[in-house]
2 protein chains.
Amino acid sequence: MNDSQTPSYRPLYQQIKEALLSRIVSGDWPPGTFIPSESALSQEYGVSVGTLRKALDDLASDHVVIRYQGKGTVVATHDNDRSLFQFFHLTRLDGTRSMPISRVLLRQSRPATVEEAETLELEVEAEVVHIRRVRELEGVPALLEELVVSAARFPALEKEPETLPNTLYQLYQQRFGQSVAKAEERLFAVAAGPPEQKQLGVALGSPLLEIRRVARNLQGEPLELRISRCETQHHCYFNEL
Amino acid sequence: MNDSQTPSYRPLYQQIKEALLSRIVSGDWPPGTFIPSESALSQEYGVSVGTLRKALDDLASDHVVIRYQGKGTVVATHDNDRSLFQFFHLTRLDGTRSMPISRVLLRQSRPATVEEAETLELEVEAEVVHIRRVRELEGVPALLEELVVSAARFPALEKEPETLPNTLYQLYQQRFGQSVAKAEERLFAVAAGPPEQKQLGVALGSPLLEIRRVARNLQGEPLELRISRCETQHHCYFNEL
DNA sequence: GAGTGGTCTAGACCACGTA
DNA sequence: ACGTGGTCTAGACCACTCG
């Protein structure tokens with residue numbers, strides 16, 4: 001994936017791609033705005049339309065921008081349907097999706113644990129915001145979620161309005177200028193403990209699906225560590241290969 | 001994904017892509033062979049190199065062919081490293097992969113259950129081959145796998161040499177001309193039963209990760225139903241979003 | 001050096017959305 | 001009617017592999 005070697009040759013379209021990406025990251029083109037047309041950009045950078053096009057196509061396949069024929073190219077947001085479902089793999093048994101409804105149980109600021117600091121690449125005991133919530137699918141509590149972000153990167157997140165939006169990533173993007181661009185998930189099977197017993201109404205020790213996700217921004221820096229525990233009687237984690 | 005609408009307009013490169021795909025499916029170009037060069041194919045089909053190139057790039061991103069600069073374009077096989085790992089998402093906790101070692105416990109031909117017939121799109125009680133095996137990771141039994149395929153599509157599979165290869169998909173491809181091109185996986189958390197207790201050495205009722213996979217060929221027809229139950233103390237299911 | 005895929009160009013036309 | 005992205009062309013040169 002990463003070339004630590006000096007590439008000794010770097011295609012023009014990749015340089016253009018980087019230039020465009022840096023303008024997006026810098027806030028020059030905020031999420032949701034239309035960027036200049038292909039021909040305008042190709043003139044600005046002094047390259048052919050085809051080369052600029054390849055750069056934009058690359059960004060589109062990375063979900064950084066979305067192209068609409070006849071309209072233009074827009075910087076991706078987290079309220080686009082496609083973007084919403086990029087990070088939510090829990091579906092009904094037949095593969096259809098449904099929107100979860102969230103209820104926040106805990107919101108606090110505290111020092112990071114060693115594991116959290118390491119994962120989020122923070123100083124030891126740096127301040128983090130910790131949120132715990134239950135998410136319902138089809139009206140049934142299905143998920144117990146713990147999530148942790150850097151308090152420095154998301155200042156006063158714990159003081160946000162009582163009703164956090166369902167899609168936290170939208171909040172990260174709009175309030176803090178941090179777009180979740182990619183994530184890694186590790187899945188485990190674990191036994192339900194007292195918290196899950198209480199919140200999800202499952203038996204102590206019954207099997208749950210644990211999803212540990214590290215969400216990253218456009219530059220690849222870790223933004224959020226999220227641990228979800230999910231009951232899989234009515235839903236499952238769906239993945240296409 | 002699917003256009004059930006009459007498209008009323010179909011880009012040339014998509015038609016070319018289909019034509020190339022049909023030649024691969026038909027066995028005209030078997031897996032592992034190099035197909036003609038871009039310029040040769042563009043002449044044959046009477047289109048520009050750019051158009052033919054776009055068709056090939058599409059097939060490459062579908063993992064149907066693999067392109068090597070300076071060498072040529074080869075029909076994908078299941079012994080390429082990349083193809084091997086497309087369907088195997090179990091990794092060590094740090095995300096690194098290791099090759100599993102398989103031991104077959106059972107191999108029999110029998111009528112399909114209702115669920116199997118439905119999933120594999122077979123007549124009720126059509127004959128299927130059923131294989132059960134244990135797979136070891138790092139020398140520790142980690143997976144108990146049940147898999148079922150159509151006996152008509154894989155004739156005499158149950159009489160294959162005693163030592164089935166580790167990568168069954170390679171066997172499907174080489175012996176039966178069936179390439180697994182894509183798959184859907186559904187993940188659940190389940191409690192270990194007596195078989196898992198015996199084969200994996202885990203406690204009765206301990207949580208296991210269940211992976212239900214339907215593997216499909218290039219045409220999208222279901223080839224194999226596979227149910228794996230996995231212990232997640234030393235390994236996990238890894239997914240990048 | 002010959003052949004392959006990868007990049008880059010310049011320009012034409014098409015399909016789509018909006019006004 | 002106009003501007004956008006999508007397709008298609010023809011040709012040049014570059015980087016890589018191999019004999």
Side-chain angles (χ1 to χ4, degrees), chain A residues 1 3 5-20 23-24 29 32-77 80-82, chain B residues 1 3 5-20 23-24 29 32-77 80-82:
Chain A
M1 283 288 161
D3 305 356
Q5 321 271 17
T6 2
S8 81
Y9 167 69
R10 179 176 262 310
L12 229 194
Y13 75 90
Q14 283 185 21
Q15 303 176 38
I16 301 292
K17 180 182 172 184
E18 269 181 29
L20 296 173
R23 288 178 73 170
I24 291 173
W29 297 320
T33 61
F34 280 83
I35 70 178
S37 71
E38 295 181 344
S39 59
L41 286 171
S42 67
Q43 278 196 294
E44 178 181 340
Y45 285 101
V47 300
S48 78
V49 193
T51 299
L52 193 121
R53 180 177 187 73
K54 176 133 184 164
L56 278 180
D57 282 345
D58 256 36
L59 289 174
S61 75
D62 290 345
H63 305 111
V64 174
V65 300
I66 304 175
R67 317 262 258 140
Y68 296 103
Q69 181 175 171
K71 293 184 64 177
T73 301
V74 65
V75 180
T77 66
N80 298 108
D81 282 342
R82 53 186 80 183
Chain B
M1 282 290 163
D3 306 356
Q5 321 269 19
T6 5
S8 81
Y9 167 69
R10 182 181 252 329
L12 230 193
Y13 75 90
Q14 283 186 21
Q15 303 175 37
I16 301 292
K17 181 183 173 183
E18 271 182 26
L20 296 173
R23 289 179 74 170
I24 291 172
W29 297 321
T33 61
F34 279 85
I35 71 179
S37 71
E38 294 181 344
S39 58
L41 286 171
S42 67
Q43 277 196 294
E44 179 182 340
Y45 285 100
V47 299
S48 77
V49 193
T51 299
L52 194 122
R53 181 179 186 72
K54 176 134 182 163
L56 278 179
D57 282 345
D58 256 35
L59 289 175
S61 75
D62 290 345
H63 304 110
V64 174
V65 301
I66 304 175
R67 318 260 258 141
Y68 295 102
Q69 181 175 173
K71 293 182 66 176
T73 302
V74 65
V75 180
T77 67
N80 299 108
D81 283 341
R82 54 185 80 180

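Naming: A, B, ... by sequence-line order, numbering from 1 per chain.
Within the 4.5 Å cutoff, side-chain heavy atoms of B:Pro11 are placed close to those of B:Tyr9. A:Val65 has its side chain out of reach of A:Leu20: every pair of non-hydrogen atoms, C-beta onward, lies at least 4.5 Å apart. Put simply, the side chain of B:Lys17 reaches to within 4.5 Å of the side chain of B:Asp62, judged on heavy atoms.
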| note | Going 5' to 3' through nucleotides 1-11 of chain D and flagging B where a protein heavy-atom sits under 4.0 Å of the base, S where only the sugar-phosphate is that close, and - otherwise, we get --BBBBBSB--

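Contacts of B:Glu44 classified as side-chain hydrogen bond (donor to acceptor under 3.5 Å, both in side chains), with partners at least two apart in sequence or in another chain: B:Arg23.
Separation of atoms CD (B:Gln15) and CZ (B:Arg10) is listed at 6.5 Å; rounding is to 0.5 Å.
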